[in-house]
Amino acid sequence: MSTPASATTRPAETFSPVEVERISGLSSEDLLWYEELGLIDSVSREPGGQRVYSASNLRWLEFLNRLRSTGMPVQEMGHYVELAQAGDHTVGERRDLLAGHRRRVLAHAEELAATVHYLDWQIDFYEKKRTALATGPGHTAAD
């Protein structure tokens, strides 16, 4: 997992919700939702109550975003978080969970590749048909 460019500074640096929205691409509603679901914790608060995020929070949000972008169900993400919070004795289970998800992602990628291949064939079919109609009877390629 790579670290967002803005999160590679000193460990004590914090980020406002607006900065986290800009860096992570998540909306403030998404951030609150992640917190409510327990997918992200350890979000500090300033004396006025505003949430502040650490570089570690940003790296975790990037990981969660990647899981979401690959279609991992939120419930499964929650299970992963529970395992991670339980400690190192769950390393094997976390690995297995991610490996299973990886297999599903690869299967879906193969389905998408087949669909793209079909779309390419269909597009080529219509391009040839359009060219044939444009150069129909009475027209030559030189016209």
Side-chain angles (χ1 to χ4, degrees), residues 1-136 139 141-143:
M1 178 170 57
S2 65
T3 302
S6 299
T8 58
T9 55
R10 66 188 187 283
E13 186 170 8
T14 59
F15 303 86
S16 71
V18 170
E19 291 171 314
V20 173
E21 288 174 39
R22 181 182 48 78
I23 294 166
S24 70
L26 292 167
S27 69
S28 60
E29 293 82 15
D30 288 339
L31 290 171
L32 286 172
W33 186 61
Y34 274 17
E35 288 178 49
E36 289 170 4
L37 291 174
L39 295 179
I40 180 171
D41 61 7
S42 303
V43 176
S44 303
R45 296 206 177 254
E46 290 183 336
Q50 181 182 19
R51 295 179 333 275
V52 290
Y53 296 85
S54 67
S56 175
N57 292 140
L58 288 177
R59 286 189 299 276
W60 187 250
L61 285 168
E62 180 181 20
F63 177 65
L64 293 175
N65 276 340
R66 290 182 186 271
L67 294 179
R68 286 284 312 269
S69 73
T70 60
M72 180 179 274
V74 173
Q75 184 176 9
E76 195 170 338
M77 291 169 61
H79 181 60
Y80 181 89
V81 169
E82 289 169 2
L83 291 171
Q85 290 171 341
D88 285 345
H89 69 280
T90 66
V91 166
E93 200 173 344
R94 283 182 269 163
R95 184 237 172 254
D96 292 347
L97 189 148
L98 293 176
H101 182 65
R102 181 181 185 276
R103 284 190 296 275
R104 291 189 304 274
V105 169
L106 288 174
H108 185 66
E110 289 174 7
E111 291 172 18
L112 288 174
T115 299
V116 167
H117 179 72
Y118 179 81
L119 289 171
D120 288 344
W121 174 83
Q122 195 70 44
I123 290 165
D124 186 55
F125 170 81
Y126 284 120
E127 185 60 32
K128 288 176 181 172
K129 187 167 185 88
R130 184 173 69 174
T131 300
L133 292 170
T135 60
H139 292 90
D143 286 345

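Values below: every heavy atom of this structure, side chains too, minus hydrogens, waters and symmetry copies.
- The backbone N or O of D41 lies less than 3.5 Å from no partner atom in the side chain of W60, so there is not a single donor-acceptor pair.
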Run the side-chain donor-acceptor check on residues 67-74: report pairs under 3.5 Å with partners two or more places apart or on a different chain.
unit_1: S69; atom_1: OG; unit_2: N65; atom_2: O; d: 3.4
unit_1: S69; atom_1: OG; unit_2: R66; atom_2: O; d: 2.9
unit_1: T70; atom_1: OG1; unit_2: R66; atom_2: O; d: 3.3
unit_1: T70; atom_1: OG1; unit_2: L67; atom_2: O; d: 2.7
unit_1: T70; atom_1: OG1; unit_2: H101; atom_2: NE2; d: 2.6

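- Between the side chains of E76 and Y80, no donor-acceptor pair of N or O atoms lies under 3.5 Å.
- Across all their heavy atoms, Q50 and S16 have their closest contact at NE2-CB, 4.0 Å.
- E93 places no side-chain N or O within donor-acceptor distance of the main-chain N or O of T90, the cut-off being under 3.5 Å.
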| request: Could you give me the CA-CA distance, side-chain angles and deciding distance for T115 and L119, then say whether side-chain contact (heavy atoms from CB on, under 4.5 Å) is met? | output: CA-CA 6 Å; T115 299; L119 289 171; 4.2 Å; yes
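- Here the OH atom belonging to Y34 is positioned 4.5 Å from the CE atom belonging to M77, to the nearest 0.5 angstrom.
- With contacts defined as side-chain heavy-atom distances shorter than 4.5 Å, the pair L58/V20 qualifies.
- Residue D124 places its CG atom among more than 12 non-hydrogen atoms of other residues, nucleotides or ligands, all under 6.0 Å distant.
- For S56, the side chain to side chain donor-acceptor pair (under 3.5 Å) criterion is met by no residue, not counting sequence neighbours.
- Note that CG of L98 is 9.5 Å distant from CG of L83, once rounded to the nearest 0.5 Å.
- In terms of heavy atoms, E35 sits closest to I40 at CG-CG2, 3.5 Å.
- Residues satisfying the side-chain contact (heavy atoms from CB on, under 4.5 Å) criterion with H108, sequence neighbours excluded, are E111, L112.
- Heavy atoms from other residues, nucleotides or ligands lying under 6.0 Å from CZ of R102 number 12 at most.
- Among all heavy-atom pairs drawn from S28 and R51, the shortest one is O-NH2, 4.4 Å.
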| said: Between L106 and R103, is the side-chain contact (heavy atoms from CB on, under 4.5 Å) condition met? List the steps. | reply: CA-CA 5 Å; L106 288 174; R103 284 190 296 275; 5.9 Å; no
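- The pair R59-E62 does not meet the salt-bridge criterion, since no charged nitrogen lies less than 4.0 angstrom from a carboxylate oxygen.
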| query | For Q122 and Y126, what are the C-alpha separation, side-chain angles and deciding distance, and is it a side-chain contact (heavy atoms from CB on, under 4.5 Å)? | reply | CA-CA 6 Å; Q122 195 70 44; Y126 284 120; 3.2 Å; yes
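- Taken to the nearest 0.5 Å, the CG atom of L31 stands 5.5 Å off from the OG atom of S24.
- Here the CD atom belonging to E82 is positioned 7.5 Å from the CD atom belonging to Q85, to the nearest 0.5 angstrom.
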